[in-house]
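Take a look at the structure set out below.
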Number of protein chains: 2
Amino acid sequence: MTVTLKHVAERAGVSRSAVSRCFTEGASISGKTRAKVERAATELGYCPNFLARSLTTRSTRLIGLVSNNFHNPVFLQIFDLFTRGLQDRGLSPLLVNLSEETAPARSVQMLRQYSVDGVIVASSTLPSGFARAFRDAGLPVVHAFGRPADRPDVHVVGIDNVACGRMAARTLIGRGYARLGFLGGPETASTTQDRMAGFLAEASRHPGTGMAIRFADAYSFDAGRTAMQAGLAAGSTTEAWFCGDDVLSLGAISALRDAALSVPGDVGVIGLNDMEMAGWAGVALTTIHQPFAEIIGASIDVVAAMLDDPARPPDSRSFPCRVIERGTLRAPP
Amino acid sequence: MTVTLKHVAERAGVSRSAVSRCFTEGASISGKTRAKVERAATELGYCPNFLARSLTTRSTRLIGLVSNNFHNPVFLQIFDLFTRGLQDRGLSPLLVNLSEETAPARSVQMLRQYSVDGVIVASSTLPSGFARAFRDAGLPVVHAFGRPADRPDVHVVGIDNVACGRMAARTLIGRGYARLGFLGGPETASTTQDRMAGFLAEASRHPGTGMAIRFADAYSFDAGRTAMQAGLAAGSTTEAWFCGDDVLSLGAISALRDAALSVPGDVGVIGLNDMEMAGWAGVALTTIHQPFAEIIGASIDVVAAMLDDPARPPDSRSFPCRVIERGTLRAPP
DNA sequence: CGGAATCTTGCAACGCGTTGCAAAACGGGT
DNA sequence: ACCCGTTTTGCAACGCGTTGCAAGATTCCG
């Protein structure tokens with residue numbers, strides 16, 4: 001038996017509107033009635049029904065948080081930051097797990113049914129068409145960890161993956177490595193493509209630099225390990241790898257060490273993300289730091305801004321990354 | 001401009017009720033009108049509003065998923081299983097991150113505002129009073145990874161932590177270790193207490209068994225590492241540790257290896273959980289497997305059953321665990 | 001073909017809260 | 001006490017969909 005506005009109104013001896021106004025920011029209400037209402041409300045344990053309110057205010061403060069990365073440990077940090085950030089602004093995350101899905105239709109439908117105020121697509125592997133589907137359904141959307149562009153279809157917040165690829169190549173070449181390798185995630189992901197493009201472009205500016213390319217079919221430890229094993233079986237002589245993700249790096253390193261190769265003694269590895277685990281003693285992965293807190297903060301800012309102005313023309317924000325030196329590359333000469 | 005029931009009704013030339021019934025399972029409607037309505041609906045891109053519906057049906061199919069474990073990688077698997085399991089039953093998880101909170105009041109309020117149909121508290125570190133607060137607010141609740149009991153306050157699904165403690169002790173003693181150690185999580189957590197109780201009880205049945213006890217102040221790598229470092233600094237001669245969590249085990253192992261102790265050569269370690277990472281090549285943690293899929297499946301079953309019968313008397317389900325042999329204990333003599 | 005049984009349908013009221021509007025209450029100045 | 005300008009208040013309609021009820025349409029049967 002839920003207690004409603006009406007019960008409170010009766011007990012306080014005022015009209016329903018008065019009670020409503022008592023719980024509405026900035027509504028006109030006298031101190032006296034407010035006191036009466038508040039007493040009645042606490043006595044009855046009244047809690048306003050957001051969903052009924054949303055019918056007239058047309059705002060639910062519900063945000064769809066859509067992701068398909070439930071196997072990359074870095075996403076636990078990401079969910080932590082997103083949920084805390086949203087809660088701090090009085091928004092509530094409705095989580096959608098896409099792990100088995102590839103078509104946006106079902107999640108669009110689900111989020112429309114719940115009248116979410118906005119959607120955050122948090123994934124570096126979903127194609128940009130996925131986020132577009134939400135926009136087409138009239139939902140404000142921001143693609144976090146997507147591919148920044150000059151004239152994006154939807155709001156994007158992420159990093160310059162091409163620049164990261166170049167940074168990785170410059171770093172490796174600066175350490176005197178000559179035969180480089182790129183170990184990417186799923187080949188179709190734009191992030192993979194961009195990181196590779198930057199890496200290759202920078203490498204090609206340095207004559208005498210060799211290049212090997214491999215793809216893992218997921219951003220996971222096993223996929224990284226398997227891909228590296230395949231490389232080794234094929235007789236790889238690569239001196240240093242740029243892996244498109246930390247968890248891929250860890251899988252690759254485990255394959256290298258199993259093959260009695262020392263990292264960084266025989267082969268160097270640089271990752272990307274700087275997940276928490278990369279800093280663990282004993283892991284000590286040299287990697288390119290992706291500024292999660294800033295990206296997520298900006299994504300939430302954008303979605304919050306769209307609540308007020310849904311038609312805001314999409315823009316693209318890109319945050320700078322930097323190399324975090326740990327223990328999987330040899331020292332500069 | 002959202003399209004509503006009314007628009008569809010007008011376009012199809014029928015009443016609003018007819019349209020409503022068309023989207024209601026098992027309502028009486030003729031094939032002819034159904035066809036008319038469905039055509040109009042797809043033409044307009046109509047999507048029923050769950051929230052408005054919930055006003056009369058008193059069911060939102062929203063489930064609050066409450067947790068404070070956003071730093072233990074195993075929880076990514078847990079969220080994956082929960083979100084998929086809920087979605088498969090047509091339920092939607094509203095995620096509440098308690099990382100900074102200790103009082104239930106705010107989350108209770110938040111979930112009441114959204115009229116969630118039920119709440120799953122997924123945490124092994126929250127006191128049982130936390131889950132009780134939801135029950136007291138009239139919300140069906142199940143505490144996953146809580147402490148099973150004979151007459152629980154709320155529904156509980158978990159493991160028999162005392163039995164796990166005993167199992168760990170039996171395993172270590174069976175390998176011929178004589179000086180044992182327990183490295184627990186936060187001392188106040190009931191899981192820590194129970195695992196320790198079982199471990200000590202079993203150890204005490206074997207005369208000549210030594211015992212050291214340490215607590216980490218969180219279920220995290222760093223906390224485990226720090227606690228183990230403190231033990232080593234104090235001159236620990238423990239031969240084998242039971243760590244109350246895998247991520248604690250990893251921290252402990254890193255401290256041991258930094259101190260030039262080999263695992264399992266000099267010191268044995270057994271963890272608890274069997275997180276994905278425990279099976280990674282190069283990690284190979286011997287551990288007690290906690291059957292996540294079953295626990296989560298059962299939790300969802302319980303919460304789903306409570307949707308129909310909210311007054312169901314609370315019960316407690318406990319799933320058996322088993323030792324997973326990998327590489328951090330020496331072989332049996 | 002008539003009448004009873006069964007389906008379908010629309011009406012109107014309801015779920016919970018919000019809000020424009022006009023009436024009522026209040027405050028201040030003379 | 002009176003008048004005028006502000007607040008404050010309640011009424012009533014609305015947001016979107018559901019549902020009990022009774023009337024209308026079908027079907028079935030003899």
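A note on names: the letters A, B, ... follow the listed sequences, proteins ahead of strands, and every chain is numbered from 1.
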Point to revise | B/T2 vs D/dC16: side-chain N/O to OP1/OP2 distance below 4.0 Å | key: yes
Revision key, fill the gap. With the side chain defined as heavy atoms from C-beta on, B/T57 is closest, among D/dC16, D/dT19, C/dG17, to D/dT19
Exercise for review: Choose from C/dG17, C/dG15, D/dG10 the nucleotide whose nearest atom is closest to any side-chain atom of B/L55.
Suggested key: C/dG15
Revision key, fill the gap. Atom CZ of B/F50 and atom C1' of D/dG15 are separated, to the nearest Å, by 18 Å
**Study point:** Between D/dT8 (P) and A/R16 (CZ): distance, integer Å
**Key:** 22 Å
Review point. Using 4.0 Å as the upper bound for N to carboxylate O, is an ion pair formed by B/R84 and B/D80?
Key: yes
Check your understanding: Does the side chain of A/R53 get closer than 4.0 angstrom to OP1 or OP2 of C/dT18 through an N or O atom?
Key -> yes
Review point. What's the OH-C1' distance between B/Y46 and D/dG17, to the nearest Å?
Key: 7 Å
Practice item. Please determine if a side-chain N or O atom of A/S20 lies less than 4.0 Å away from the OP1 or OP2 oxygen of C/dT18. Key: yes
Point to revise | Minimum-distance nucleotide (side-chain atoms of A/S17 versus D/dT8, D/dT18, C/dT19) | key: C/dT19
Review point. On a plain distance test, is the side chain of B/R21 in donor-acceptor contact with the base of D/dG17 below 3.5 Å?
Key: no
Exercise for review: Could you tell me the separation between the NZ atom of B/K32 and the P atom of D/dG24, rounded to a whole number of Å?
Suggested key: 19 Å
Exercise for review: Mind checking B/T33 for me? I need base, sugar-phosphate or nothing, with any heavy atom below 4.0 Å counting as a touch.
Suggested key: sugar-phosphate
Check your understanding: Mapping A/C47 and B/R34 to their closest nucleotides on DNA chain C, which lands nearer the 5' end?
Key -> B/R34
Review point. Atom CZ of A/R61 and atom C1' of C/dG17: how far apart are they, to the nearest Å?
Key: 17 Å
Check your understanding: Any Lys/Arg nitrogen of B/D301 or B/R89 sitting under 4.0 Å from an Asp/Glu carboxylate oxygen of the other?
Key -> yes
Review point. For B/T125 and B/S123, does a side-chain donor sit closer than 3.5 Å to a side-chain acceptor?
Key: yes
Check your understanding: In whole angstrom, what separates B/N49's CG from C/dG15's P?
Key -> 18 Å
Review point. Are side-chain heavy atoms of B/Y114 and B/T60 found at a separation under 4.5 Å?
Key: no
Check your understanding: Any side-chain N or O of B/R58 less than 4.0 Å from the OP1 or OP2 oxygen of C/dC16?
Key -> yes
Exercise for review: For atom CZ of A/R106, decide whether the heavy atoms of other residues, nucleotides or ligands shown that lie under 6.0 angstrom number more than 12.
Suggested key: no
Practice item. Check whether the side chain of A/S15 and the base of D/dC11 form a donor-acceptor pair under 3.5 Å. Key: no
**Study point:** D/dG15 OP1/OP2 closer than 4.0 Å to side-chain N/O of B/T4
**Key:** no
Exercise for review: Using a heavy-atom cut-off of under 4.0 Å over every strand shown, decide if A/L5 touches base, sugar-phosphate, or nothing.
Suggested key: base
Review point. How is B/V14 classified with respect to the nucleic acid when contacts are heavy atoms under 4.0 Å: base, sugar-phosphate, or nothing?
Key: sugar-phosphate
Check your understanding: Which nucleotide in the set C/dG17, D/dT9, C/dT9 lies at the smallest distance from any side-chain heavy atom of B/S30?
Key -> C/dT9
Check your understanding: Looking at the side chain of A/S28, which of C/dG17, D/dT7, C/dT19 is the nearest nucleotide?
Key -> D/dT7
Check your understanding: B/K6 NZ to D/dA13 P: how many Å, rounded?
Key -> 15 Å
Practice item. Check the surroundings of atom CZ in B/R312: do more than 12 heavy atoms from other residues, nucleotides or ligands lie under 6.0 Å from it? Key: yes
Check your understanding: With respect to the phosphate group of C/dC14, does any side-chain polar atom (N or O) of B/T56 fall under 4.0 Å of OP1 or OP2?
Key -> no
Review point. What is the distance from OH of B/Y114 to P of C/dC16, rounded to the nearest Å?
Key: 19 Å
